[in-house]
Amino acid sequence: MLRSETGTGAHSALVVDDGTQRLLFDPAGGWFHPAAPERNDVLFGMNPTLYGFYLQWHARETHHVVAQEVLLPPEQARFVAQRIQEIGLVPKANCSRSISELLGELPQFSDLPVTWFPEKTMENLARYDGIRTYEIWDDDDEG
């Protein structure tokens, strides 16, 4: 999530589908939905509708979402799903650090710099092959 006026980072999150379930790692995040049980910053059951709610909750007049997708081999997706459940609660202001550190455990991202800044993680990931990027904007100020 980026501040629309400045382009500076506001938050980072990670979605992974391990073949049996779709999880959202929302480190130090504040999103809640009764249909998405949460444990230690991991939300379970993130079907397309819930994921859409999550994106729209973050996209507002002052912020927009930059989503980056990459297809992982099944064994890596399972590894990421396991790791996000092992990490536990992430302290405030550590969202991007925890995600960039985790992604650096994958062979194709082993040289990904660990950073505290969501916009830097986004820029660094964009340099890798196979990353699909799109943006979600919503200028509705009704919150």
Side-chain angles (χ1 to χ4, degrees), residues 1-4 6-110 112-128 130-143:
M1 283 42 99
L2 300 179
R3 290 171 187 84
S4 296
T6 64
T8 56
H11 187 58
S12 292
L14 178 71
V15 176
V16 62
D17 186 334
D18 71 358
T20 63
Q21 61 183 334
R22 191 172 192 194
L23 307 170
L24 171 68
F25 182 40
D26 193 25
W31 185 78
F32 168 80
H33 193 283
E38 182 268 338
R39 182 165 188 243
N40 294 331
D41 290 337
V42 177
L43 292 112
F44 297 82
M46 289 301 295
N47 62 47
T49 300
L50 289 173
Y51 183 56
F53 291 159
Y54 179 83
L55 294 174
Q56 286 304 314
W57 188 75
H58 284 88
R60 52 192 179 271
E61 185 177 19
T62 58
H63 293 75
H64 66 280
V65 176
V66 177
Q68 294 174 299
E69 296 180 351
V70 63
L71 185 61
L72 296 177
E75 65 277 359
Q76 285 186 352
R78 287 189 296 273
F79 170 79
V80 171
Q82 178 183 338
R83 286 290 293 124
I84 63 174
Q85 294 176 71
E86 294 169 350
I87 289 172
L89 285 173
V90 174
K92 295 292 182 196
N94 281 261
C95 58
S96 195
R97 183 204 51 79
S98 64
I99 289 172
S100 58
E101 192 172 84
L102 168 62
L103 291 177
E105 295 179 34
L106 299 176
Q108 67 270 42
F109 301 123
S110 63
L112 180 72
V114 174
T115 179
W116 294 79
F117 305 102
E119 73 277 12
K120 292 298 180 192
T121 298
M122 177 194 71
E123 292 167 5
N124 292 334
L125 278 172
R127 295 184 183 125
Y128 291 90
I131 302 291
R132 184 176 83 89
T133 301
Y134 59 95
E135 297 183 2
I136 298 102
W137 293 78
D138 186 349
D139 60 2
D140 183 359
D141 65 357
E142 295 179 15

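None of these values were measured; they are calculated from a predicted model. Count residues from 1 along the sequence.
- Distance CG/Asn124 to CZ/Phe109: 11.5 Å, rounded to 0.5 Å.
- The shortest side-chain heavy-atom distance between Val65 and Met1 falls under the 4.5 Å cut-off.
- The structure places CD1 of Ile99 at 8.5 Å from CD1 of Ile87, a figure rounded to the nearest 0.5 Å.
- For the pair Leu112/Tyr128, a side-chain contact is recorded, criterion being any heavy-atom separation below 4.5 Å from C-beta on.
- With hydrogens and angles disregarded, no donor-acceptor distance shorter than 3.5 Å links the side chain of Asp41 to the backbone of Phe25.
- Legend: side-chain hydrogen bond (donor to acceptor under 3.5 Å, both in side chains) pairs involving residues 64-73, not counting sequence neighbours, sorted by first then second residue: Ser4-His64, Glu69-Arg132, Glu69-Tyr134.
- Between His33 and Phe53, the ring planes lie parallel to each other; the angle is under 30°, not in the 30° to 60° tilted range.
- Sparse packing is recorded around CZ of Phe117, with 12 or fewer heavy atoms of other residues, nucleotides or ligands lying under 6.0 Å away.
- The shortest heavy-atom contact between Thr6 and Thr8 is OG1-OG1, 2.7 Å.
- Of the residues listed (Val42, Val80, Leu43, Leu14), the one engaging Leu23 in a side-chain contact (heavy atoms from CB on, under 4.5 Å) is Val42, and it is the only one.
- Within the 4.5 Å cutoff, the side chain of Arg3 has no heavy atoms near those of the Thr62 side chain.
- No side-chain heavy atom of Gln85 sits under 4.5 Å from any side-chain heavy atom of Asn40.
- Contact detail for Leu24 and Ala13: the closest heavy-atom pair is CD1-CB, 4.0 Å.
- Across all their heavy atoms, Cys95 and Ser12 have their closest contact at SG-N, 3.4 Å.
- The two residues Glu86 and Gln82 make their nearest non-hydrogen contact at OE2-NE2, 2.7 Å.
- Proximity of a side-chain donor or acceptor of Asp18 to a complementary backbone N or O of Ala81 within less than 3.5 Å is not detected.
- The one candidate from Thr133, Leu2, Ile131 that meets the side-chain contact (heavy atoms from CB on, under 4.5 Å) condition with Met122 is Leu2.
- Looking at every heavy atom in both residues, Pro118 comes nearest to Gly9 through CB-CA, 3.8 Å.
- Heavy-atom minimum distance, Asp26 versus Tyr54: OD1-OH, 2.7 Å.
- Side-chain atoms of Arg78 never come within 3.5 Å of backbone atoms of Gln76 as a donor-acceptor pair (strictly under, hydrogens ignored).
- Counting heavy atoms from C-beta on, the side chains of Glu38 and Phe32 never come closer than 4.5 Å.
- Judged purely by distance below 3.5 Å, without hydrogens or angles, the side chains of Ser96 and Thr121 pair a donor atom with an acceptor atom.
- Looking at heavy atoms from C-beta onward, Arg97 lies out of side-chain contact with Pro27 at the 4.5 angstrom threshold.
- In this structure, His11 and His58 have parallel ring planes: the angle between them is below the 30° cut-off, well short of the 60° mark.
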key: Leu72 vs Phe79, side-chain contact (heavy atoms from CB on, under 4.5 Å): CA-CA, chis, key distance, verdict   = CA-CA 10 Å; Leu72 296 177; Phe79 170 79; over 6 Å; no
